[in-house]
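Keep in mind that this is a model prediction, so the values were computed, not measured.
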Amino acid sequence: QVQLAESGGGSVHAGGSLTLSCVVQGYYSTMAWFRQGPGSEREGVAAICAGAGDTFYPDSVKGRFTISQDNMKTTITLKMTNVKPEDTGEYYCAARPRFSSCDSQWALLSEYYRYWGQGTQVTVTS
């Protein structure tokens with residue numbers, strides 16, 4: 001069982017920065033951040049493998065978002081820079097259970113994640 005709690009959401013002007021945090025209780029193989037805008041499907045924006053620390057991003061955020069995990073693997077951070085209005089949405093952290101695989105082919109697909117946080121809202125104003 002993995003429990004997740006996000007924080008750090010808020011309102012930010014376009015071009016600004018925001019950092020989200022996800023406190024993790026339990027062990028995971030892969031952690032990811034997803035976002036869901038109004039009327040949109042949930043989209044993966046960053047993922048990280050617990051072991052090797054490999055990271056994955058879609059083209060829409062590559063170079064602007066950075067996912068990281070602390071040494072104890074109890075906090076996952078998403079640093080968002082040069083944010084755009086289209087980054088607006090509810091942001092969720094998600095986890096795959098320990099001993100499951102971490103693979104680039106599905107790391108950003110929501111159906112592969114079992115555990116989810118409650119979400120934190122990010123609003124980017126122009």
Side-chain angles (χ1 to χ4, degrees):
Q1 185 77 13
V2 180
Q3 294 182 321
L4 308 171
E6 305 96 335
S7 63
S11 183
V12 59
H13 290 299
S17 300
L18 197 65
T19 298
L20 306 181
S21 295
C22 176
V23 174
V24 183
Q25 291 186 316
Y27 299 98
Y28 60 88
S29 70
T30 314
M31 288 292 301
W33 285 94
F34 290 81
R35 70 182 176 200
Q36 189 163 17
S40 301
E41 293 186 355
R42 197 166 290 188
E43 172 194 18
V45 296
I48 187 167
C49 299
D54 293 348
T55 57
F56 312 102
Y57 306 93
D59 289 342
S60 58
V61 307
K62 200 170 289 183
R64 301 190 298 119
F65 289 12
T66 303
I67 188 172
S68 61
Q69 56 190 355
D70 66 347
N71 289 337
M72 297 298 293
K73 297 183 174 55
T74 58
T75 303
I76 306 299
T77 299
L78 182 69
K79 293 184 180 179
M80 306 164 60
T81 63
N82 190 24
V83 296
K84 304 176 181 180
E86 52 263 43
D87 293 326
T88 293
E90 190 79 10
Y91 281 70
Y92 302 88
C93 61
R96 278 177 56 81
R98 192 182 192 186
F99 304 127
S100 59
S101 60
C102 184
D103 192 289
S104 61
Q105 291 192 10
W106 46 255
L108 296 175
L109 300 178
S110 60
E111 54 263 41
Y112 289 96
Y113 289 84
R114 181 183 300 179
Y115 305 105
W116 292 83
Q118 295 297 310
T120 186
Q121 176 67 33
V122 172
T123 302
V124 181
T125 58
S126 57

Original post:
Do you know which two heavy atoms are closest between Ala46 and Ile67, and how far apart they sit?
Top reply: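 Taking every non-hydrogen atom into account, CB-CB, 3.8 Å.
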Subject >> Over all atoms of both residues, closest heavy-atom pair of Gly63 and Thr81 >> reply: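 In terms of heavy atoms, the two residues are closest at O-OG1, 4.4 Å.
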With distance as the sole test, does [X] use its side chain to make a donor-acceptor pair with the main-chain N or O of [Y] at under 3.5 Å?
| X | Y | answer |
| --- | --- | --- |
| Arg96 | Thr30 | no |
| Ser29 | Pro97 | yes |
| Glu6 | Cys93 | yes |
| Glu90 | Thr120 | yes |
| Thr88 | Val124 | yes |
| Gln69 | Ala50 | yes |

Original post:
Any chance the side chains of Thr75 and Ser21 put a donor and an acceptor closer than 3.5 Å?
Top reply: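 Short answer, no.
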Do [X] and [Y] sit in the same hydrophobic cluster, where Ile, Leu, Val, Met, Phe, Trp and Tyr count as joined when their side-chain heavy atoms come under 4.5 Å apart?
| X | Y | value |
| --- | --- | --- |
| Tyr115 | Ile76 | yes |
| Val45 | Leu20 | yes |
| Tyr28 | Trp106 | no |
| Met31 | Leu109 | no |
| Val83 | Tyr57 | yes |

Subject >> Spacing of CD belonging to Gln118 relative to OG belonging to Ser7, to within rounding of 0.5 Å >> reply: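 Between Gln118 CD and Ser7 OG, I get 13.5 Å after rounding to 0.5 Å.
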Subject >> Reported OG-to-CD distance for the pair Ser40 and Glu86, which is rounded to 0.5 angstrom >> reply: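 Atom-to-atom, Ser40:OG and Glu86:CD are 11.0 Å apart.
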Counting C-beta onward and ignoring hydrogens, is there a side-chain heavy-atom pair between [X] and [Y] closer than 4.5 Å?
| X | Y | value |
| --- | --- | --- |
| Arg35 | Val61 | yes |
| Val2 | Arg114 | no |
| Lys73 | Val24 | no |
| Tyr112 | Ser101 | no |
| Glu43 | Leu108 | no |
| Trp33 | Met80 | no |
| Tyr113 | Phe34 | yes |
| Asp54 | Ser104 | no |

**OP:** Please say whether more than 12 non-hydrogen atoms of neighbouring residues, nucleotides or ligands are located less than 6.0 Å from CD in Glu111.
**Re:**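 Above 12, so yes.
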Original post:
In terms of side-chain geometry, is the basic nitrogen of Lys62 or Asp59 positioned less than 4.0 Å from the acidic oxygen of its partner?
Top reply: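 Yes, this pair counts.
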Subject >> Worked check of side-chain contact (heavy atoms from CB on, under 4.5 Å) between Phe56 and Cys102 >> reply: CA-CA 11 Å; Phe56 312 102; Cys102 184; 4.1 Å; yes
